[in-house]
Amino acid sequence: MKIKFSKQPNSDIISALRQTMEGRALGQLVSIGEEDGHLVVKISKLGTSTLQFNRSEQGSDAIFTLTVEKIAFAHKAFKDEVKSKFVQVVEKSGGTVLES
């Protein structure tokens, strides 16, 4: 999965993603943060799944590429549904999904 945002600090992108999730059921299960310069998405319910995105820059865009995907056993059946909802959050936050 690759996602694109206009070039801005990771903290601004994370803030936009968090704000979009506020008040949604997904917001209760998902945390988004930064670890060692990577965008990290954690899903916590009956285990923890982690998605880690590495950042690169192309022109005026920040590109985040999914490089680490650790899916908890209990989440495997819902993997596609969660990714689909995350795509919606990215798009509502001003990002674009380049490949899913």
Side-chain angles (χ1 to χ4, degrees):
M1 171 185 280
K2 283 189 178 184
I3 55 178
K4 174 180 79 168
F5 283 89
S6 61
K7 192 184 292 184
Q8 54 189 308
N10 282 358
S11 58
D12 291 351
I13 294 168
I14 290 167
S15 179
L17 291 166
R18 286 178 178 164
Q19 190 173 33
T20 299
M21 288 193 319
E22 278 182 17
R24 296 178 62 157
L26 191 62
Q28 302 297 317
L29 307 174
V30 176
S31 65
I32 299 174
E34 184 175 7
E35 294 177 12
D36 299 325
H38 305 291
L39 179 70
V40 178
V41 179
K42 291 186 179 182
I43 301 110
S44 301
K45 182 178 182 179
L46 300 174
T48 300
S49 293
T50 304
L51 305 174
Q52 179 179 300
F53 295 85
N54 289 350
R55 179 182 174 137
S56 61
E57 296 185 359
Q58 289 181 336
S60 62
D61 296 322
I63 308 294
F64 293 89
T65 304
L66 179 63
T67 55
V68 177
E69 183 178 287
K70 296 178 183 176
I71 306 297
F73 181 76
H75 297 169
K76 289 185 190 270
F78 304 102
K79 177 181 165 183
D80 291 336
E81 181 182 342
V82 170
K83 275 190 172 180
S84 173
K85 289 183 180 186
F86 183 66
V87 165
Q88 291 173 359
V89 168
V90 167
E91 291 171 345
K92 288 182 180 179
S93 301
T96 303
V97 177
L98 302 175
E99 50 183 76
S100 53

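Both Ile32 and Val87 are members of a single hydrophobic cluster when ILVMFWY side chains are connected at heavy-atom separations under 4.5 Å. Residues Leu66 and Ile3 fall within the same hydrophobic cluster, defined by Ile, Leu, Val, Met, Phe, Trp and Tyr side chains chained together at heavy-atom separations under 4.5 Å.
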For side-chain contact (heavy atoms from CB on, under 4.5 Å), just list the numbers for Arg55 and Lys7, CA-CA rounded to whole Å, side-chain angles, deciding distance to a tenth of an Å, and then say yes or no. CA-CA 10 Å; Arg55 179 182 174 137; Lys7 192 184 292 184; 3.7 Å; yes
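Here Thr50 contributes atom OG1 and Ile43 contributes atom CD1; the two are 7.5 Å apart, rounded to the nearest 0.5 Å. Atom OG of Ser44 and atom CD of Gln28 lie 12.0 Å apart (nearest 0.5 Å). The NE2 atom of His38 sits 6.5 Å away from the OG1 atom of Thr67 when rounded to the nearest 0.5 Å.
Here the shortest heavy-atom pairing between Ser6 and Ile13 reads O-CD1, 4.4 Å. Contact between Thr20 and Ser93 at its shortest, heavy atoms only, is OG1-OG, 2.7 Å.
Looking only at distances, a side-chain donor or acceptor of His75 sits under 3.5 Å from a matching main-chain atom of Lys45. Under the 3.5 Å distance criterion, the side-chain polar atoms of Ser84 are left unmatched by any main-chain donor or acceptor of Asp80.
Of the listed residues (Thr65, Val97, Thr96), just one forms a side-chain contact (heavy atoms from CB on, under 4.5 Å) with Lys2, and that residue is Thr65. Shown are Ile71, Val41, Val30; of these, the side-chain contact (heavy atoms from CB on, under 4.5 Å) with Ser49 is made only by Ile71.
Other residues, nucleotides and ligands contribute only 12 or fewer heavy atoms inside 6.0 Å of the CD atom of Gln19. Heavy-atom neighbours of Gln58 CD from other residues, nucleotides or ligands within 6.0 Å: at or below the threshold of 12.
Between Leu51 and Met1 there is no side-chain heavy-atom pair separated by less than 4.5 Å. Side-chain atoms of Phe5 and Leu17, non-hydrogen and from C-beta on, do get closer than 4.5 Å to each other. In this structure, the side chains of Asn10 and Phe64 come closer than 4.5 Å at one or more pairs of heavy atoms.
With sequence neighbours left out, Glu34 forms a salt bridge (Lys or Arg N to Asp or Glu O under 4.0 Å) with no residue at all.
With respect to the salt-bridge test (charged N to carboxylate O, under 4.0 angstrom), the residues Arg18 and Glu22 do not qualify.
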